[in-house]
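All values reported here derive from a predicted model rather than from experimental measurement. Within every chain, numbering begins at 1; the chains are lettered A, B, ... in the order of the sequence lines, protein sequences first and strands thereafter.
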Amino acid sequence: MRIHEYQAKGLFAEAGIPTPESELARTVDEAVEVADDISYPVAIKAQVHVGGRGKAGGIKLVENTEEAREAADDILGMDLKGYHVDRVLVEEAVDFTNELYIGVTMDRGEGKPVAMVSTRGGVNIEEVAEEDPDAIAREHIDPAFGMHDYQARKVVYEAGIDAGLAGDVASILKTLYNLWEDSDASDAEINPLMVTADDDIIAADAVFNVDGDALFRHPDLEEMEETAADDDLEAKAQEYGFEGSNYVRLSGDVGIIGNGAGLVMTTLDLVDYYGGSPANFLDIGGGAKAERVANALDLVFSDENADAVVFNIFGGITRGDEVANGINDALDQFDEIPKPVIVRLAGTNAEEGMEILNEELVQVEKTLEDAVQAAVAAAEEVEA
Amino acid sequence: MRIHEYQAKGLFAEAGIPTPESELARTVDEAVEVADDISYPVAIKAQVHVGGRGKAGGIKLVENTEEAREAADDILGMDLKGYHVDRVLVEEAVDFTNELYIGVTMDRGEGKPVAMVSTRGGVNIEEVAEEDPDAIAREHIDPAFGMHDYQARKVVYEAGIDAGLAGDVASILKTLYNLWEDSDASDAEINPLMVTADDDIIAADAVFNVDGDALFRHPDLEEMEETAADDDLEAKAQEYGFEGSNYVRLSGDVGIIGNGAGLVMTTLDLVDYYGGSPANFLDIGGGAKAERVANALDLVFSDENADAVVFNIFGGITRGDEVANGINDALDQFDEIPKPVIVRLAGTNAEEGMEILNEELVQVEKTLEDAVQAAVAAAEEVEA
Amino acid sequence: MSVLVDDDTRVIVQGITGGEGKFHTEQMLEYGTNVVAGAVPGRGGQEVAGVPVYDTVTQAAREEDADASVVFVPPAFAGDALFEALDAPLDLVVAITEGIPTQDVSRVYRRLQDTDTHLIGPNCPGIITPGEAKLGILPGNIFSSGNVGLISRSGTLTYQIVDSLTSRGIGQSTAIGIGGDPIIGTDFIQALELFEADPATDAVVMCGEIGGEDEEEAAAYIDENMTTPVAGFIAGRTAPPGKRMGHAGAIVSGSGTGTAESKISALEDAGAPVGDTPEEVVENVEDLL
Amino acid sequence: MSVLVDDDTRVIVQGITGGEGKFHTEQMLEYGTNVVAGAVPGRGGQEVAGVPVYDTVTQAAREEDADASVVFVPPAFAGDALFEALDAPLDLVVAITEGIPTQDVSRVYRRLQDTDTHLIGPNCPGIITPGEAKLGILPGNIFSSGNVGLISRSGTLTYQIVDSLTSRGIGQSTAIGIGGDPIIGTDFIQALELFEADPATDAVVMCGEIGGEDEEEAAAYIDENMTTPVAGFIAGRTAPPGKRMGHAGAIVSGSGTGTAESKISALEDAGAPVGDTPEEVVENVEDLL
């Protein structure tokens, strides 16, 4: 779960990490008022969950009231990489001499947290990581002990941070790590961590992603969760409880529904393999409750791009006849089936299941390969 | 460092462990007032750092105002195993059906914390440990991870706590462990942990000792430290900075001063070996600053039991001539040397040191054995 | 012969009194698994499906001489349950639970490094030795006994391939669903190692997916250490970079590794043919046997 | 030959810029110890007694190819300094600092179990191989090179015995002050093991004291494993039960072990004569050689 820059900075400030003076604004008037309060220059920053906001015109530096009004007017309400901007952070512009990067994340390969520090702050750190991996110093943390003070210092010195700053940066890194751990974060980054002419250090931008699976123990963070209202279909998916990564909209014409991420991905791959193009990824998970099946169908039916739907279920513990009844019940909820639906059932009692299915409403195929090919063909037919 | 029962209960209550209703009183009137406020029966408990207060008359159960006044009057000001009682805890008497024991301490042999639970609460747990070790369930804790919830449950079930109580006792044990860890405690014990007829669980008595070396990070606990004013000589030792275990008063007639616990203990052993009896253990530690030496001498001179003093210093890094100068300076501070002092210097520049010593004031011996024998003889002579 | 579990494995079910725990205990018993105890705090003395329940894993292991456990405990308490199982200690712990906070798993993984226990999962379908025992939620009826080992990050995809194997008369020695979470206990390499050491396994199917570098590392392991032939499959060839699909393991990082292409070529370079479709995987297995 | 340290040991001093650190660095250098670096955060680039200082132990170890450290860091920061040294990693870490909070030491001890590092101390005088190197605060001049190993929980008591040994012409292979704290790194048994394996050590003096059960355990080890003869000494015979004397290790517990009697009889039963006085210990060593 991502939280906004202003929320992350709130957490940082509370933990004792210095942040620029700032306030959130939801209207142009509010933004101008706040900007006037903070002495100019001031930055007006779109609060949306996308990277590269600056380049996309979502961050503007303003020198006076007039410019502030203009910038706030431009940014509020704009569409930024598909995201609607309804909030801006109005923030003191920090006069910096240097930009650093610090971050904490989980290294999945190692199974343990890693702290990262670089003198190459203020730019896309992923690019730095790829082009010049040695420009980022890394220190793995033993999750049993947490970050030792010496580790914070070590990674800061290894990154080549100036001796005069090293102690302060190490101390901020330690605080960031503890916040990361205490909040069940997945990523916590400060980029840039600005250094002023007086060697003050300020967290000028912040990324803070929280492990969605751990929200139950962080009610304060859970409150910050927002439905991604930027795409109607994704909003609908969320409403139907296909949360997170269970629904991904793509650009093709074959709608795909299945159970289990690996099997659904494989279905996508097969659509591609047989010359089609997937319209979405939709994993409805275990079981086959009629309502969930109906919701899945409604979601894919709502996708204008999808011209046909392949429904691929491997029964597992759940019996195929139960799944078939679920699908029949789900289909009953539609007055009309708007797009060709190809169903393939496998696993326990699959044959019984296929007999139960209403072949007037859906096309039944025995193998995954046949089902996918039928769906690709059906989509092509609709197209033509 | 030990803290009083009332202070420990304050910490427990703050951490969420149920404790009986109680208040501290320093005068008889205060005690009676508090006792009246709490409904009778009420316990009046001496707050001193000794075990077995009940048997020694330091705890009394009272049924009404009159009895409360009488008990408070008896206990306040009493001498309890050498300790002066200046405070009592006035506490709701809990009507219990069962008494349990829970505790957390550092297992030195294993180098890790251990949690202990027993159904044999309310008695001297050390005796239980010796007579029936299996009556106490133990669970070692990995200090890197802290106590897992399952470990609290496991040790509670292994101790044979009733199923109906197990969850609550485990939860209190977990809280106790966390308090132990967060406070740098050395021992945290609840004995008895009382069970009422309604299966409520209440910490009826509490022991909480804190690692003196860790007080620097617990200013709140450091404030609770008290000078043990119960023995004039020990109070003097504390004043002189021979804190904690560096000075121990004994009952013999040969005063002993040295540097390094092992060497001082060995000097005691030799006094005994040569037929004498040590009056004290005094380790002045490294270096040989005149003031510290003078303080040590003054302390032992003040001990009426000590008839002679053996001063045994192994120079180590510090040179023997420096030590000798220190001793000379120290002796200069006394108008008169009240007791025979036998000095033995060894190690670096010991011979130069022995030449420097003022043999009019002290007797110099070359070996430890000779010095101890001389001191034992001198003490006998004084005695005679 | 088989890997990790067989007729003799004595299994504790942690969380046996919950809906999932109870249902799958019945399924496991029906399959013939030697489920000897359940462990649920506060439920000691009860019985579920004829299996005695204990308050702690320690008690269950001691009283019933168990050596493995299957964990159906809800995510909030699963980390603790896994520590309990590792510390018992047991030889094998199968963590079915999905959605355990990652930092909890990271700490469990840290403890795991100090033990000799095999942890499978979390967020996995479990492990089965057809005809002998299954620990987890795999549908027993699609499996058949034989000489092909199976390792997979994905549940239903495993079933898909097993179903095809079985229907073509190719049985399985043991199938291990290692789980799709970012941090898991037994990984591809450890599983491959087990199958390599198992004389009853003549070929191995390895089903990977995009994200991470486990498949690349497994390919290097196959190249250097495996004499038993391996047939591969990689799901997620068409997944767009940066999009998450299903479990968190399936992220295409921007760099060269982690993509389907990188994984497929690593496996093929290691001599493990990678099928384009599940059916092709089964054909490859037929060729390898 | 010697144990743990010799001419080649390349030593970092942690806390070299403090008063103690600086003084003893000079003493160690004077003795001939190969002190190659200091490590103090924020002091990188400075020099102390001609020794270059680095900000981190990692830097110091890398730049100066060091394999050991001596820790003079104040108690509040010593736990962290020990983790830094263990994780570097170094082969040998000698912790002089007295008064480190016990829970900090307990965590360091926990980490130690996962490493191959030898930790000596904390709260110890250090280790010396006479004529080659000393790491710590032992007074070098009382030692002489020879064939008797020495292990002691107490500093000045060690000096007392060494002084007697030297004055009687009995030199020492290596002397280890293992420290008197409740939790220490290298204990009697580990030190005995090192001397047993050292061909240049023909006898060992072991100085214990009341409290704990380390001496009893060491006696069992001597009985079962030592061919090199051991002479013992136990301080604290006259300590009254329940009173603490000096460092925390010296507590007589109520039970049968931990008392001077129990330790003395355990050692004597293991064939290690225990002297009543330090002089008697030296005489026993003469007999054993």
Considering all heavy atoms, the nearest B/P113-D/S106 contact: CD-OG, 4.0 Å

Euclidean distance, B/D213 CG relative to D/N123 CG, rounded to 0.5 Å: 8.5 Å

B/T367 side chain reached by D/E279 side chain, heavy atoms, under 4.5 Å: no

Proximal component of D/I100, with respect to chain B [non-hydrogen, under 4.5 Å]: backbone

Closest-packed option against chain B by number of heavy-atom pairs under 4.5 Å, given D/P139, D/P101, D/P125: D/P101

More than 12 heavy atoms from other groups under 6.0 Å of CZ on B/R120: no

Sub-4.5 Å side-chain heavy-atom contact between B/E181 and D/Q103: yes

Structural part of D/I234 lying under 4.5 Å from a heavy atom of chain B: backbone

D/F77 atom CZ, neighbour heavy-atom count above 12 within 6.0 Å: no

Atom group of B/F242 that falls short of 4.5 Å from chain D, counting heavy atoms: neither

Engaged part of B/A185 at the chain D interface, taking heavy atoms whose separation is under 4.5 Å: backbone

Under 3.5 Å donor-acceptor, D/T156 side chain and B/F314 backbone: no

Distance in Å, B/D211 CG paired with D/D104 CG, rounded so as to fall on 0.5 Å steps: 8.5 Å

Greatest number of heavy atom pairs closer than 4.5 Å to chain B - which of D/R107, D/E217, D/Q160: D/Q160

Contacting region of D/Y159 [heavy-atom separation from chain B under 4.5 Å]: both

Pairwise distance OH(D/Y109) to CD(B/E110) - rounded to 0.5 angstrom: 7.5 Å

Residue list, salt bridge (charged side-chain N to carboxylate O under 4.0 Å, His left out) with D/D187, at least two apart or on another chain: none

Neighbour count above 12 (heavy atom, 6.0 Å) for D/E98 CD: no

Expected output: side-chain B/D272 to main-chain D/T238 donor-acceptor under 3.5 Å: no

D/R237, part contacting chain B, at a heavy-atom distance under 4.5 Å: both

Per-residue contact mode, D/P278 against chain B (heavy atom under 4.5 angstrom): both

Heavy-atom closest pair, residues B/G347 and D/I142: CA-CG2, 4.3 Å

Contact summary for B/M265 and D/G236, nearest pair of heavy atoms: SD-CA, 3.6 Å

